[in-house]
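First up is the structure itself, then whatever we jot down about it.
So that the names make sense, note that chain A is the first sequence line, chain B the second, and so on, each numbered from 1.
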Amino acid sequence: MRESPRESESAFRPVKRRTHAQTLLLTCAVITLNAFGNLALAAGMKHRQLLGINPIGYLSALFDPLVAAGVGLLILWLLTRMALMSWADLSFVVPVTAAGYVLSAILGRAFLSEQVGLDQWLGMALILAGSVLVGTTSHKTPSPPYERVSMPLAGRGGEETT
Amino acid sequence: MTWALLSVVVCATVLADLLQSHEMKRAGEQDVSTRGLGRLLRMIAHRAPLGLAILCMAISFFAFMALVQRAPISFVVPASALQFVVETVLAKSLLREHLGKRRVAGALLVAGGVILLAK
């Protein structure tokens, strides 16, 4: 595999190391949840008046079904993305999940009739190419400095302090 | 106003991601089952940096909500991708991640895409 497992460090982990394929699969889930969450949020907010700095306006928007659905999907996105960050480097997660922005723009055009010009299509193509390129790299730095630190909430017997 | 909101979205998101990545690496690889996601929720409640990360995400979220009312989502969402370049640089300097040539090239491609999108 692409990763460089260090057997001596496995005892410090609550769950076994994920393969690159598993990481990419979770990345796809993160991308999809984000894109559809943003779509539902945008669709719900389009019908509302412009919001100022008053938080009441934002809280009342949460009672809109589409906004609520968007928030629900984005909460799920947040949790799965947190899990993904425990599997992979930030410099891997961030560019690879950029594909979600391309999907969001396509969904915005398809469902919200938003205009996407030639420059934007080219930009999205570049973002997608960058995402794919980073996706071919190893998802985790072989010897991160986080392996042997205290993990009070990690659970599953993974807690250990050096 | 649009660009000010976009700046808030990007800065808050970068800080949130750095805090999240740092804490999740400390926690070790997490499960994505229902039980695992529940444990992640508990971690947010018990770990201060994760709580701060969520606060930053909330700030970013509300700024984003205001932003999508002023500009099309096909501009707003890709434009906020400016965070890719900043986070890639900070991941190397602060989180000590290894950046190979392909990761750097990928980040540059994303940056090029953002410039085209902002036209």
In terms of ring plane angle, is the pair A/His20 and A/Phe92 parallel, tilted or perpendicular, where the classes change at 30° and 60°?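 Answer is perpendicular, since the angle exceeds 60°.
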
Could you see if B/Leu67 belongs to whatever hydrophobic cluster contains B/Leu15? Use Ile, Leu, Val, Met, Phe, Trp, Tyr and a side-chain cutoff under 4.5 Å.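 No; B/Leu15 is not reachable from B/Leu67 via cluster members.
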
Under a 4.5 Å heavy-atom cutoff, which of A/Gly123, A/Gly130, A/Ser91 has the most pairs with chain B?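 Winner by heavy-atom pair count: A/Ser91.
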
Per the salt bridge (charged side-chain N to carboxylate O under 4.0 Å, His left out) rule, what does the pair list look like for residues 66-82 of chain A, sequence neighbours excluded?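 Residue pairs with at least one partner in residues 66-82 of chain A: A/Arg81-B/Asp17.
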
By a 4.5 Å heavy-atom criterion (distance strictly below it), what part of B/Ile54 contacts chain A: side chain, backbone, both, or neither?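 For B/Ile54, the contact with chain A is made by the side chain alone.
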
Below 4.5 Å from any heavy atom of chain B, which atoms of [X] appear? Answer side chain, backbone, both or neither.
X	value
A/Leu84	neither
A/Leu26	side chain
A/Val132	neither
A/Ile75	neither
A/Leu122	both

Which residue out of B/Leu50, B/Leu41, B/Leu99, B/Thr88 racks up the most heavy-atom pairs below 4.5 Å with chain A?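 Option with the greatest count: B/Leu41.
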
Does the distance from a Lys or Arg side-chain N to an Asp or Glu carboxylate O, for B/Arg96 and A/Asp89, drop under 4.0 Å?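 The answer is no: the pair does not qualify as a salt bridge.
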
What residue among A/Leu133, A/Val134, A/Leu90 forms side chain to side chain contact (heavy atoms under 4.5 Å, CB included) with A/Pro95?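 Of the listed options, the one satisfying the test is A/Val134.
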
My understanding is that only residues two or more places apart in sequence, or in another chain, count here; which of them pass side-chain hydrogen bond (donor to acceptor under 3.5 Å, both in side chains) with B/Ser60?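 Applying side-chain hydrogen bond (donor to acceptor under 3.5 Å, both in side chains) to B/Ser60 gives B/Thr13.
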
